[in-house]
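Below: the structure, in structure tokens.
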There are 6 protein chains.
Amino acid sequence: MATVRLIDYAEASAEVRAVYDDIMATRKVETVNNFWKALASHPPTLRRTWESVKQVMASGALDPLTKELIYLAVSATNGCEYCIRSHTFSARKQGMTEAMLGEVMAIVGMANETNALADGFQVDIDDAYRAVPR
Amino acid sequence: MATVRLIDYAEASAEVRAVYDDIMATRKVETVNNFWKALASHPPTLRRTWESVKQVMASGALDPLTKELIYLAVSATNGCEYCIRSHTFSARKQGMTEAMLGEVMAIVGMANETNALADGFQVDIDDAYRAVPR
Amino acid sequence: MATVRLIDYAEASAEVRAVYDDIMATRKVETVNNFWKALASHPPTLRRTWESVKQVMASGALDPLTKELIYLAVSATNGCEYCIRSHTFSARKQGMTEAMLGEVMAIVGMANETNALADGFQVDIDDAYRAVPR
Amino acid sequence: MATVRLIDYAEASAEVRAVYDDIMATRKVETVNNFWKALASHPPTLRRTWESVKQVMASGALDPLTKELIYLAVSATNGCEYCIRSHTFSARKQGMTEAMLGEVMAIVGMANETNALADGFQVDIDDAYRAVPR
Amino acid sequence: MATVRLIDYAEASAEVRAVYDDIMATRKVETVNNFWKALASHPPTLRRTWESVKQVMASGALDPLTKELIYLAVSATNGCEYCIRSHTFSARKQGMTEAMLGEVMAIVGMANETNALADGFQVDIDDAYRAVPR
Amino acid sequence: MATVRLIDYAEASAEVRAVYDDIMATRKVETVNNFWKALASHPPTLRRTWESVKQVMASGALDPLTKELIYLAVSATNGCEYCIRSHTFSARKQGMTEAMLGEVMAIVGMANETNALADGFQVDIDDAYRAVPR
């Protein structure tokens, strides 16, 4: 049970409906998921967040599947249940195989391990890593 | 300054040298970076971590560049300076362009934002997200 | 189901009851919430934590509502379900409106995004930010 | 040293300059801080992040100082050095006194402690906390 | 409901069964817990993770109970429900008393508090802490 | 450079000096470290934090060295540089050997890895882990 009321399309304001319509059209789905219904409790956050997600997740230098895998990796690191479940779902829709999921999680696990080790020993940064592309 | 002494090749035990040799051969580099020199303060951790990283980061269902991008995304989420710098370096070596780096960070930022929003509102998980592939 | 037994007032020791009594008197409530009943499994932690929370959350340079909003923001960042729910509840009791909640979460989301970006790019700290008030 | 080149106004593209101009005009400052110069390495991220921060931090149901305190609390929780320093600076500019800073940090410390305790004991959520405003 | 199918012994491949057999023999239990059944969805991750956990948690300079307490402390800090519950269980099996659990959580809470304070005030590192054992 | 002024003994108020005196007497040292000098910018936080740390870290069901190892493990997980360095220092003073430090970090790394895996796959909690001691 969310801490705010989820807003269904039927009861939504025109402003909220406009965002919902764009989400459904962009994603070719017939309903919006609960994340958006919760954000609709604060319409400016709904609109801004959707516009941002839409821009960030559109195909660019990286393809949509790679983007979903990265999103999932961050969500797993943060332990956000909603985000892990929704992005595992979306990544599969984008073509993630079970082998890919296994490899993503293997990397996530390993990165969390070595992050803790590098921090835990306060490893000195190598000179090579300080150079920046001109 | 790391909290343990960094072990250089010249002073390393045979056990540590064997790991260093494998790192250099696998990565086609002429020295190991400080992370491994710090882990060498505890040889079993050095060997186990290297064997794991080597296995996890080898080409598989995902290519090495995609793997580096995921590693970087986790490291940025955790705010681990050493890991961010070393994996930004490695990802560039694997072919990451500046446009790709920008997109990775855009996703990392967005995922951290929506993770906090989904947790912050305790959004109910949609039924569709609970189904598991048979 | 907590990993320790929750201690109800009826079965509590005199030491635990004294803390429960102070919680109920201070907050003008007729029962203590489960957090305290779990801490009561280790009475020194119950007493110390309560004394600290009581001191920290009392009106000071910041008013109680602002304090609750900050507490909620930290809890959302950490993704602690119990804390998010209990502090959303307390903040509403202190007068938080739905618009305020929306703005708190918008800031929490944004801060988590820009924290990841600043870490992810390892942005150099501006000189102006290093000055300290005399 | 950031992992990307910081873009100064003099060498910035028209698109980046437009954002820099808006930042300087909105904040009544004569230069932009390094965070924006780093984001300028990926112009869409610069523009989107600035538009979002501008919207989120504008006065609303919460005043600008309260917003800065919340931003600082999240940044301290995440341990993001850049963000802690820049938002401590901004909050002081908005009127944060040393007593307020002390209280913010006291809450941040306490919230991180009780978040860990609630998670660590897996405390059962009280029924009262599950109710949602209609 | 995990995001991958849990693999029971009866349906497991020979490779997975070999790992399960070693887990059961090493721990003197008659079934493996769900963590391993989920990892079995990606056999290389199952095998590598088990080999690592087995090596790391074996008696060494630290005894098994101390190791479990440290594991639990990390899990509580990360708020990982599965890990908190499974390691509270394992630690009790290794002899953790309720008084010890109370003290572990008191330290975990305190450390999370002072970590946030040290980061939040960006405390300068004392010279004494920079010295490294030769 | 901390974001607040560090308060030296010579300029400290009587209230702050009383805490410093107790720290030095309890720890048998001749000066207080910077953490306390920063907290002294807000005397109630200094006093409360010291009283809490003193109570929590005193010998109890767990010995002081074990307590320091747990504190260090949490600090490494959070990536708090100040805390990692100060508690590595304190743990060595309490008798931590280099082999122990290596094992602590191995556990910290492993726990962070498996925490991410358990969260990332959203592993179902085993029934056995839900039982609570009566």
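Contacts between residues 7-28 of chain B and chain C, counted as heavy-atom pairs separated by less than 4.5 Å, involve no residue at all. Contacts with chain B (heavy atom to heavy atom, under 4.5 Å) involve these residues of residues 55-81 of chain C, listed by number: Ala76(C), Gly79(C), Glu81(C). Interface residues of residues 107-121 of chain C toward chain B, defined by a heavy-atom distance below 4.5 Å and sorted by number: Val108(C), Gly109(C), Met110(C), Asn112(C), Glu113(C), Ala116(C), Leu117(C), Asp119(C), Gly120(C), Phe121(C).
One distance of note links OG1 of Thr3(B) with CE of Met1(B); it measures 11.5 Å at 0.5 Å rounding. Between atom NE2 of residue His87(C) and atom NZ of residue Lys93(C) there is a gap of 12.5 Å, rounded to the nearest 0.5 Å. One distance of note links OG1 of Thr31(B) with CG of Asn33(B); it measures 8.0 Å at 0.5 Å rounding.
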Self-check item: Test log, rule side-chain contact (heavy atoms from CB on, under 4.5 Å), inputs Thr49(C) and His42(C)
Solution: CA-CA 11 Å; Thr49(C) 306; His42(C) 193 242; over 6 Å; no
Quiz item: Yes or no on side-chain contact (heavy atoms from CB on, under 4.5 Å) for Trp36(C) and Val53(C), after CA distance, side-chain angles and deciding distance?
Solution: CA-CA 11 Å; Trp36(C) 307 111; Val53(C) 166; 4.1 Å; yes
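Listed here is the closest heavy atom pair of Val32(C) and Lys37(C): O-CE, 3.4 Å. When every heavy atom of Asn34(B) is checked against every heavy atom of Tyr82(B), the shortest pair comes out as N-OH, 3.5 Å.
Here the side chains of Trp50(C) and Leu39(C) are not in contact, with every heavy-atom distance at 4.5 Å or above. Arg92(B) places a side-chain heavy atom less than 4.5 Å from the side chain of Glu98(B).
For Ser86(C), the side-chain hydrogen bond (donor to acceptor under 3.5 Å, both in side chains) criterion is met by no residue, not counting sequence neighbours.
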